[in-house]
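Just so we're clear, the structure is a prediction, and the values are computed from it rather than from any experiment.
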Amino acid sequence: QRRKVLEVLAARDDHPTAEDLYGQLRTQGEPISLATVYRTLRSLEQEELARALHGPGADRFDARTDAHYHIVCNACRRTVDLELPYQTAVDQAARNAGAQVGEHVLLFLGRCPDCVKAGRSDLDAQDD
């Protein structure tokens, strides 16, 4: 089951939630519980085989473990990789101040490229 969770996660680039992965695994006929998916994802995270993305809403997971940024789309709610050079200078500045920093997390909020192209507006603005 552990290998299957990692395989399904690695095949996706949409940063699924645990519930998304659970639904896909069940659709594929895997006899797995939601609790097992959560435990497996946390284990994969501890072993640095996956990353949890803590942002608005449920945690999302990423099989890409290198240092990189994300943008959460206010229009479609997807989380997508943002191809922007990782700013190691931020980590170095914190270390220069005497802090112990391994990495930093920066989450952008806005609209993903697909929603920009389609002219979709933010759901947040529509909720008012």
Side-chain angles (χ1 to χ4, degrees):
Q1 288 180 325
R2 183 177 188 282
R3 181 177 43 229
K4 192 66 175 176
V5 170
L6 183 56
E7 285 174 7
V8 169
L9 177 61
R12 296 180 65 156
D13 65 357
D14 62 341
H15 307 86
T17 65
E19 290 83 3
D20 294 335
L21 291 170
Y22 169 73
Q24 182 177 346
L25 288 161
R26 294 294 295 177
T27 299
Q28 293 175 352
E30 290 295 323
I32 193 168
S33 71
L34 181 57
T36 299
V37 172
Y38 271 107
R39 278 193 307 274
T40 301
L41 288 168
R42 296 303 177 198
S43 173
L44 292 170
E45 185 182 10
Q46 287 177 343
E47 295 174 38
E48 298 181 359
L49 297 172
R51 296 180 82 173
L53 307 175
H54 311 289
D59 285 352
R60 297 186 167 273
F61 295 88
D62 194 350
R64 185 176 160 190
T65 59
D66 64 306
H68 65 284
Y69 300 114
H70 299 91
I71 184 166
V72 176
C73 183
N74 290 330
C76 68
R77 299 291 191 234
R78 289 184 322 142
T79 299
V80 297
D81 291 334
L82 186 58
E83 297 305 329
L84 178 71
Y86 184 77
Q87 300 297 309
T88 56
V90 174
D91 297 339
Q92 186 60 47
R95 283 192 292 277
N96 289 345
Q100 291 182 332
V101 176
E103 66 179 340
H104 65 273
V105 177
L106 182 59
L107 181 66
F108 294 88
L109 305 174
R111 287 185 294 149
C112 70
D114 291 342
C115 288
V116 170
K117 287 177 194 166
R120 291 186 197 103
S121 61
D122 292 355
L123 287 177
D124 294 336
Q126 295 173 7
D127 292 341
D128 294 339

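- The minimum heavy-atom distance between Val37 and Ala18, with the atom names listed, is CG1-O, 3.6 Å.
- By the criterion of side-chain heavy atoms lying less than 4.5 angstrom apart, applied directly or through intervening Ile, Leu, Val, Met, Phe, Trp or Tyr residues, Val72 is not grouped with Leu82; the two fall into different hydrophobic clusters.
- Between His15 and His68, the ring planes lie tilted relative to each other; the angle falls in the 30° to 60° range.
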Pair Glu19-Tyr38, side-chain hydrogen bond (donor to acceptor under 3.5 Å, both in side chains): steps then yes or no:
CA-CA 9 Å; Glu19 290 83 3; Tyr38 271 107; 2.3 Å; yes
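- When the side chain to side chain contact (heavy atoms under 4.5 Å, CB included) test is applied to Asp14, the partners found at least two apart in sequence or on another chain are Arg12, Pro16.
- The two residues Asn74 and Arg77 have their closest heavy-atom pair at O-NH1, 3.2 Å.
- Within the model, atoms CG of Leu109 and CD1 of Ile71 stand 7.5 Å from one another, a figure rounded to the nearest 0.5 Å.
- We find the CG-CZ distance between Asp114 and Arg120 to be 7.0 Å, quoted to the nearest 0.5 Å.
- For the residue pair Thr65 and Arg51, the shortest heavy atom distance occurs at CA-CD, 3.6 Å.
- Here the closest non-hydrogen pair linking Thr17 and Ala58 is CG2-CB, 3.9 Å.
- Residue Arg60 holds its CZ atom at 12.0 Å from CG of Leu9, rounded to the nearest 0.5 Å.
- Remark: Gln28 CD is packed, more than 12 non-hydrogen atoms of other residues, nucleotides or ligands lying under 6.0 Å away.
- Distance check: Lys4 NZ to Gln1 CD gives 11.5 Å after rounding to the nearest 0.5 Å.
- Atom CG of residue Leu41 and atom CG of residue Leu6 lie 9.5 Å apart, to the nearest 0.5 angstrom.
- Nearest approach of Ala63 to Ala10, heavy atoms of both residues: CB-CA, 3.6 Å.
- Rounded to the nearest 0.5 angstrom, Phe61 CZ and Leu44 CG are separated by 9.5 Å.
- No donor-acceptor distance shorter than 3.5 angstrom exists from the side chain of Arg111 to the backbone of Lys117, with no hydrogens or angles considered.
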